[in-house]
Amino acid sequence: MARNIHTGMRRFLARRGMRALHCACSRRKKCDRKWSKQTKISMTERPAISPTRQEDFPEWYQQVIAAADLAENSEVRGCMIIKPWGYAIWERMQRELDRRIKAAGHRNAYFPLFIPLSFLEKEAEHVEGFAKECAVVTHHRLEATEGRLVPGAPLAEPLVVRPTSETIIGAAFARWIQSYRDLPLRINQWANVVRWELRPRLFLRTSEFLWQEGHTAHQTAAEAEAEALRMLRLYEGFLREMLALPAIAGEKTPGERFPGAVRTLTLEALVQDRKAIQAGTSHFLGQNFARANGITFLSPEGMREHVWTTSWGVSTRLVGTLIMAHSDDNGLVLPPRVAPCQIVLLPLIRREEERTAIEEACARLAAELAERSYAGEPLRVEIDARPSAGGAKNWEWVKKGVPLRVEIGPREVAAGTLSIGRRDRPPRERLSQSVRQFVAEVEGILTQMQEGYWDRAVAFQKSHTRRIASREEFLEFFTPRDAERPEIHGGFAEIPWSGDAALEEKIREEQKVTIRCIPLDQEPAPGTCPFSGKPGKYRVLFGKAY
RNA sequence: CGGAGUGUAGCUCAGUCUGGUCAGAGCGCUUGCUUUGGGAGCAAGAAGUCGCAGGUUCGAAUCCUGCCACUCCGACCA
């Protein structure tokens, strides 16, 4: 109970983008003293986000979102409001992915939000996979009755709000494709989808989310399989280069497959609480949807054949993944390439007579920086000229994860220097550089930061991936020392696997860990499965999953 | 759907056991003054049908009944 008071207080503070220096509850001083005593951290050294990652990771995650002003829960349960800063991050991802997908030969189109119920019924596994989480529209009119609005006219056939669009796109493909000359067909759509979630979490699991879904049709199985793999690799490159996020490319086991897929490929990332999260997925659908939707073509030999299809997607879940992968106890950390703003200029104006000189210096610097580019795009620079106290403003940008904060006050103007705060350094640390030097080096600094985050993430993944040979070691790996309050533990456990589905299910039930994937890049001759004693066909990665 | 809990100001909460100077605090917001290389200080002010509907009572945030909403923990999931 006492903990709840603090949790609420922290959420409140963070949401308001305020300093976390004091408790906001009605017993502020007592709470503050208690916290300081418990943690042995003085109030001035207190990190911006509480609890810290170590103290309570899920709560920390929520607090980062609130402190960085990324999103909030809406009145509709399970649905989030993505706020401007959070949406700008998604737009950065979208823009770059869209570019890459188009370069890979796909064209954008848009299909309806509503799918006739009968469409969903066409593919048996697909029905089973999605039926439980579908939102259904049953009426098309509201009628005012005694001052209340009630659904009026029932639909002849209920409409399902798309949980994914294979079926309705398949129906269109059936019309569009007649000949082998129409293949391959490569379509992508940016859309929202709805999967009715019982336990929502911002960005990670919401009832409505935004994504991109690609759908392709091919003449041969081999070509479609190659396409599914190609798009997985495209995602992999995007994650590496833009998000500084290493992910293991692999295949899902039959039990974890997309409903209706023949093969499901995945990118599995490890975030700071050592849980795995799927960061992208690509499916080889075989002829399942082609048969269900009657997508056929005439081959060069004049034979009518079913096409082979793929589908693949990434969602706003990537924003959550990004947060959990890189952020720290002072808030969000954004790799420069996805940061909506890379450099924020903070004028420090104390006396009115200093104003003009400082504002001019800021404007000059902003103009100079705007002419420079990083990673092939003009630098994204913002001047924060709001008339509030310097310290508070500075912390706000720390929490928002902006890579570089540049302070310009009378001293800097006089000396022709800048005070630069880097998000990959402690929040109070400042580097003093001449304007000229900074402008010349800024691209290098951003490159260094981007690479630094990548290196750190790779090292993290490596140090928490363990090859495990015995059952005992496996259990030890996934068992916290403190059962009451489990500490951060586990990671990826790599073991030889014989491919036994029943065993996989048993481990899932007993240990709450699952096979995240069968890594694509692995050497042969993996050894003996520690559970069955049988020779392993390949190595698999086990992990706790989001 | 099972288990636990919570609804009081914009936010976080106190007050409920024991009905009556009980409409409260902190933060935020507004205004004024002070401060100014750092997540400011002081003062004043605006702000609530105490989740909703009944009931008990001279009197209900507080007791009773019903309803509603939300949160957390479990089964499904990008």
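By convention in this document, chain letters (A, B, ...) are assigned in the order of the sequence lines, proteins followed by strands, and residues within each chain are numbered from 1.
- A/Thr206 comes within 4.0 angstrom of a base, heavy atoms only.
- Here A/Leu204 lies in heavy-atom contact (under 4.0 Å) with a base.
- A/Glu256 comes within contact range of no nucleotide atom at all, as no heavy-atom separation falls under 4.0 Å.
- Figure legend: A/Lys83 and A/Tyr87 shown without cation-pi pairing, the cationic atom not lying both under 6.0 angstrom from the six-membered ring centre and within 45 degrees of its axis.
- Among the protein residues, A/Thr164 comes within range of no part of the nucleic acid, since none of its heavy atoms lies under 4.0 Å from any strand.
- Relative to the side chain of A/Lys512, the nucleotides B/G37, B/A78, B/A75 differ in distance, and B/A75 lies closest.
- Tested against A/Arg162 for a side chain to side chain contact (heavy atoms under 4.5 Å, CB included), the candidates A/Ile168, A/Ile169, A/Leu113 yield a single pass: A/Leu113.
- In this structure, a donor-acceptor pair under 3.5 Å is present between the side chains of A/Glu166 and A/Ser311.
- Nucleotides B/U16 and B/C68 place their P atoms 28 Å apart, quoted to the nearest Å.
- Here A/Phe209 counts as stacked on B/A78: its ring centre is under 5.5 angstrom from the base ring centre and the planes meet at under 30°.
- Between the P atoms of B/C11 and B/C67, the separation comes to 27 Å (whole Å).
- Inter-residue side-chain proximity for A/Val402 and A/Trp85 is flagged as met; some heavy-atom pair is nearer than 4.5 Å.
- Annotated as anti: B/U57, whose O4'-C1'-N torsion sits more than 90° from 0.
- With a cut-off of 3.5 Å on both Watson-Crick or G-U wobble distances, the partner of B/U18 is given as none.
- Among the nucleotides B/A78, B/C76, B/G74, the one closest to any side-chain atom of A/Glu133 is B/C76.
- Within 4.0 Å (heavy atoms only), A/Arg77 reaches sugar-phosphate atoms of the nucleic acid but no base atom.
- B/U31 and B/A69 have their P atoms separated by 40 Å, with the value rounded to a whole Å.
- Only the C1' atoms considered, B/U12 is 16 Å distant from B/C70, to the nearest whole Å.
- Under the Watson-Crick or G-U wobble criterion, with both distances below 3.5 Å, B/G7 is paired with B/C68.
- The partner of B/C63 is B/G55, judged by Watson-Crick or G-U wobble contacts that both fall below 3.5 Å.
- Relative orientation of the A/Trp90 and A/Trp190 rings is perpendicular, given thresholds of 30° and 60° on the angle between their planes.
- Classified by interplanar angle (parallel below 30°, tilted 30° to 60°, perpendicular above 60°), the ring pair A/Phe209/A/Trp211 is perpendicular.
- Base pairing of B/C50 is not made with any nucleotide, judged by Watson-Crick or G-U wobble geometry with both donor-acceptor distances under 3.5 Å.
- Separating the C1' atom of B/C27 from that of B/A40 is a span of 15 Å, rounded to the nearest Å.
- In this structure, A/Pro410 reaches the bases: a heavy-atom distance under 4.0 Å links it to at least one base atom across the strands shown.
- Residue-level contact check: A/Lys252 touches neither bases nor backbone, having no heavy atom under 4.0 Å from any strand.
- Partner assigned to B/U31 is B/A43, using Watson-Crick or G-U wobble distances below 3.5 angstrom.
- Straight-line distance between the P atoms of B/U18 and B/C13: roughly 26 Å, to the nearest whole Å.
- The interatomic distance linking A/Asn330 (CG) with B/G39 (P) rounds to 15 Å, in whole Å.
- Atoms CD (A/Glu396) and C1' (B/G28) sit 14 Å apart, rounded to a whole Å.
- Look at the P atom in both B/G74 and B/G38: the space between them is 45 Å, to the nearest Å.
- The P atoms of B/G51 and B/U35 are separated by 45 Å, rounded to the nearest whole Å.
- Across all non-hydrogen atoms, the minimal contact from A/Pro519 to A/Cys517 is CD-O, 3.4 Å.
- Per the geometry, CZ belonging to A/Arg257 stands 18 Å off C1' belonging to B/A78, to the nearest Å.
- When the nucleotides B/C77, B/G39, B/A75 are ranked by their closest atom to the side chain of A/Glu197, B/C77 comes out on top.
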